[in-house]
Amino acid sequence: MISQYGTLAGADGAPDTNGAPGSDGLPLHGVRVLDLSHMMQGPWATEMLADLGADVIKVEHVRGGERGRESGTTRIGGHSAFYLAMNRNKRSLALDLKSEAGIAIARDLVARADVLVQNFRPGVIGRLGLGWDEVHALNPGLVYCSGSGYGGDEADRPGQDLLAQARSGAMWLTGQHGGPPSPAGPFIADAHAASMLALGVCAALFERTRTGVGRHLEIDLVGSMLHQMTQELVSHHNGDRSSRRSPSPSNPFMEGPYGVYATSDGWIAISMCPTADLARALGLPDLHERFPDKAAALEGRDDLVAEVGALLAPRTTAEALAVLEANGVWCAPVNDLDTMATDPVVGWAGRHARVTHPGIGPVDLVLNPLSVDGHRLPVRRPAPRHGEHSAEVLAELGLDAGDAERLARDGIVHLGGAA
C-alpha cells in the first residue's frame with residue numbers, strides 16, 4: 001500500500017510505527033526511505049534524511065554488505081570509519097536481490113516506501129526489475145532517486161569523486177601558480193551531490209502532498225562539481241578568459257591579498273579586506289595608494305601577495321592574527337584536525353556527538369549542521385551492523401521469526417548484528 005507523507009501505511013492499512021527511535025517531532029518523521037546506494041553519494045544523502053527523522057532502511061548485499069563497509073584506511077573496532085560516518089540513524093536489511101524471494105521482499109518494501117535512493121550503474125538496477133518505470137507503476141507516489149558519476153549519455157561510465165574533480169576543472173582552481181593540480185581534501189563532489197539529492201527529495205515530497213505523484217530525481221558527481229563552481233564558471237565563460245592561478249593558494253578569480261600565507265609556526269588565511277585596513281595592520285602606508293581598488297589589487301596581485309607574505313613570514317600565527325584582527329582584516333588560522341577541535345571559534349564540542357556502537361564502544365560523529373527550533377538534529381542510533389535489523393524489517397512486512405530464519409537458511413537474508 002502506498003504510504004502518504006507523514007503516515008506509514010502497512011499492508012493491512014494500519015499505520016506502521018517509524019523504526020527510528022526518538023524521531024517523533026523531527027520534520028521527516030513518518031517518511032520511509034529505501035537506501036539501495038553505496039559508498040558516499042547516496043548514503044550521505046540518506047543519512048541527511050535520517051537525521052531529519054526519516055526511517056531509512058539500508059538494503060545491503062546479503063554477503064558482506066555494501067561496499068562502503070570496506071572504504072577508507074581507518075578501522076574502528078574492525079569497522080570502516082567512513083561507513084560509520086555515512087550511515088547513522090539507519091536500519092540494515094541484508095538481502096539477496098539476485099533471488100526471486102529477495103526481489104519479492106524488495107518490491108513489498110517499495111510498495112510501502114516514500115523514497116528510494118540508488119546509485120547502481122543503469123543496467124544493473126533495470127535487470128533487478130527496480131528501474132524507474134517498474135517502480136513507478138508499482139508505487140506512483142514514490143520519489144525515486146538515481147545517482148551516477150557523469151549523468152546523461154555517460155551515466156554508465158564509472159565515476160568517483162577524484163575523477164569528477166579532475167574532469168570538471170575544479171583541480172585547476174585549487175592550488176597556486178606553478179604548482180600541480182590539487183584535489184580538495186574532503187570528497188566535495190560526493191558531498192555536494194548528496195546535499196542536492198536530499199534537497200530534491202524534500203522538494204518532491206512537498207510537491208507530492210499536492211499531486212500524490214512521485215518524481216524521478218537524478219544527480220551526478222560532475223554536475224555537482226560544476227554547480228559548486230557557479231561563480232568561477234560564470235566569470236570565466238562570460239569574461240575574457242584570462243584568469244590564472246594566484247601565487248598564493250587561493251581562488252584565481254579573487255584579487256590580492258586573498259589567499260593563504262606562511263607564518264613562522266604555521267599558516268594563516270586572509271579573506272576579503274580593503275587594502276587600507278591591510279596597510280594599517282602591516283605598517284605599509286603607501287599600500288592603499290598603490291592598490292586603491294579591486295581592479296588594481298587583481299592586476300598587481302603577484303606583487304601584493306609577495307609583500308604581504310614577506311611581512312607575515314617572521315611573525316607567529318598568534319602575532320599575525322592579533323595585528324590583523326585589530327585592524328579589521330578578515331583572517332583565520334589554518335588549523336589541522338587537532339587544533340580545529342580546540343579552537344573555541346569552531347565550537348567542536350557542540351558540533352559532534354559521542355555515541356556507543358555495539359561491539360565498538362564510543363564513537364565520535366559529526367552532527368548535522370542544521371538546527372530545528374533551536375536544537376541540533378540528534379544521533380538516534382549509530383551506523384547499523386550488517387543485517388542488524390533484517391528480522392525487524394521483515395516482521396513489519398508480516399513475516400514472523402520462522403519465516404526470517406528460513407530465508408536466512410536459504411541465503412536470501414542475513415540476520416543479524418555481526419560486523
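- Here the shortest heavy-atom pairing between Tyr83 and Ser71 reads N-OG, 4.4 Å.
- The minimum heavy-atom distance between Leu142 and Ala113, with the atom names listed, is CD1-O, 3.5 Å.
- No donor-acceptor pair closer than 3.5 Å links the side chain of Arg32 to the backbone N or O of Arg112.
- Contact record, Glu47 with Ala85: OE1-O, 2.7 Å, taken as the closest heavy-atom pair.
- Within 6.0 Å of CZ in Arg376 there are more than 12 heavy atoms belonging to other residues, nucleotides or ligands.
- In this structure a side-chain-to-backbone donor-acceptor pair under 3.5 Å is missing from Asp35 to Val56.
- In this structure, Leu95 and Val413 have side chains that are in contact, with non-hydrogen atoms separated by less than 4.5 Å.
- Taking the side chain as every heavy atom from C-beta outward, Ile270 and Tyr261 approach each other to under 4.5 Å.
- Side chain of Ser92 to main chain of Gly387: a donor-acceptor pair is present (N/O by atom type, distance under 3.5 Å, no hydrogens or angles).
- No side-chain heavy atom of Leu34 sits under 4.5 Å from any side-chain heavy atom of Val117.
- Taking a 6.0 Å sphere around CH2 of Trp44, one finds it holds 12 or fewer heavy atoms contributed by other residues, nucleotides or ligands.
- Atom CH2 of Trp172 is surrounded by more than 12 heavy atoms from other residues, nucleotides or ligands within 6.0 Å.
- Using a 4.0 Å cut-off between a side-chain N of Lys or Arg and a carboxylate O of Asp or Glu, Glu60 and Arg69 qualify as a salt bridge.
- Considering only heavy atoms from C-beta on, Ile103 comes within 4.5 Å of Arg107 through its side chain.
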Next item on the list: Take Ser80 and Arg75 through the test side chain to side chain contact (heavy atoms under 4.5 Å, CB included) and record every step on the way to the result.
Entry: CA-CA 5 Å; Ser80 161; Arg75 295 291 181 270; 3.8 Å; yes
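- Separating the CZ atom in Phe206 from the OG1 atom in Thr211 is a distance of 10.5 Å, to the nearest 0.5 Å.
- A side-chain donor-acceptor contact under 3.5 Å links Thr317 and Asp265.
- Atom CZ of Arg210 has more than 12 heavy atoms from other residues, nucleotides or ligands within 6.0 Å.
- The environment of Glu299 atom CD is sparse: at most 12 non-hydrogen atoms of other residues, nucleotides or ligands sit within 6.0 angstrom.
- More than 12 heavy atoms of other residues, nucleotides or ligands sit less than 6.0 Å from atom CZ of Arg315.
- Rounding to the nearest 0.5 Å places CG of Asp190 at 11.0 Å from CD1 of Ile219.
- If you take CZ on Arg208 and CG on Asp114, they are separated by 4.5 Å, rounding to the nearest 0.5 Å.
- The two atoms that bring Pro382 and Val355 nearest to each other are CB-CG2, 4.2 Å, heavy atoms only.
- A donor-acceptor pair is defined here as one N or O able to donate and one able to accept, closer than 3.5 Å; no such pair exists between the side chain of Asn119 and the backbone of Ser148.
- No side-chain heavy atom of Gln41 sits under 4.5 Å from any side-chain heavy atom of Leu197.
- The aromatic rings of His216 and Tyr144 lie perpendicular to each other, with more than 60° between the two planes, well past the 30° mark.
- Considering all non-hydrogen atoms of both residues, Ala193 and Asp220 come closest at CB-O, 4.4 Å.
- Rounding to the nearest 0.5 Å places CG of Leu84 at 7.0 Å from NE2 of His79.
- With rounding to the nearest 0.5 Å, the separation of SG in Cys145 from CG in Leu217 is 4.5 Å.
- Put simply, the side chain of His357 gets close to the backbone of Ala383: a donor and an acceptor are under 3.5 Å apart.
- Of all heavy-atom pairs between Ala54 and Arg380, the closest is O-NH2, 3.8 Å.
- Counting only heavy atoms from C-beta outward, the side chains of Asn89 and Val379 approach each other to under 4.5 Å.
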Check: Does the pair Leu233 and Met229 meet the rule for a side chain to side chain contact (heavy atoms under 4.5 Å, CB included), with working shown?
Finding: CA-CA 6 Å; Leu233 292 177; Met229 296 188 293; 4.0 Å; yes
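- For the pair Arg88 and Asp51, the salt-bridge criterion is met [side-chain N within less than 4.0 Å of a carboxylate O].
- Using modelled atom types, one side-chain atom of Arg301 and one backbone atom of Met254 make a donor-acceptor pair closer than 3.5 Å.
- Side-chain contact between Leu278 and Leu324 is present, with heavy atoms from C-beta onward closer than 4.5 Å.
- When the shell of 6.0 Å around CG of Asp153 is examined, it contains 12 or fewer heavy atoms from other residues, nucleotides or ligands.
- Residue-environment remark: CD (Gln231) stays at or below the threshold of 12 foreign heavy atoms within 6.0 Å.
- Taking 4.0 Å as the cut-off between side-chain N and carboxylate O, Glu396 and Arg91 count as a salt-bridged pair.
- The closest donor-acceptor contact from the side chain of Thr263 to the backbone of Gly266 lies under 3.5 Å.
- Between the CG atom in Leu36 and the CG atom in Leu93 there is a gap of 9.5 Å [rounded to 0.5 Å].
- Judged by distance alone, the side chain of Ser371 and the main-chain N or O of Gly374 form no donor-acceptor pair under 3.5 Å.
- At distances below 3.5 Å, not a single donor-acceptor pair connects side-chain atoms of His389 with backbone N or O atoms of Lys58.
- Thr174 has its side chain out of reach of Pro183: every pair of non-hydrogen atoms, C-beta onward, lies at least 4.5 Å apart.
- Side chain of Asp410 to backbone of Leu407: no donor-acceptor contact under 3.5 angstrom is found.
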Item checked: side chain to side chain contact (heavy atoms under 4.5 Å, CB included) evaluation trace for Leu130 with Ile125 -> CA-CA 6 Å; Leu130 296 173; Ile125 196 69; 3.9 Å; yes
Check: What's the verdict on side chain to side chain contact (heavy atoms under 4.5 Å, CB included) for Val366 and Trp348, showing C-alpha distance, side-chain angles and the deciding distance?
Finding: CA-CA 9 Å; Val366 180; Trp348 170 244; 4.1 Å; yes
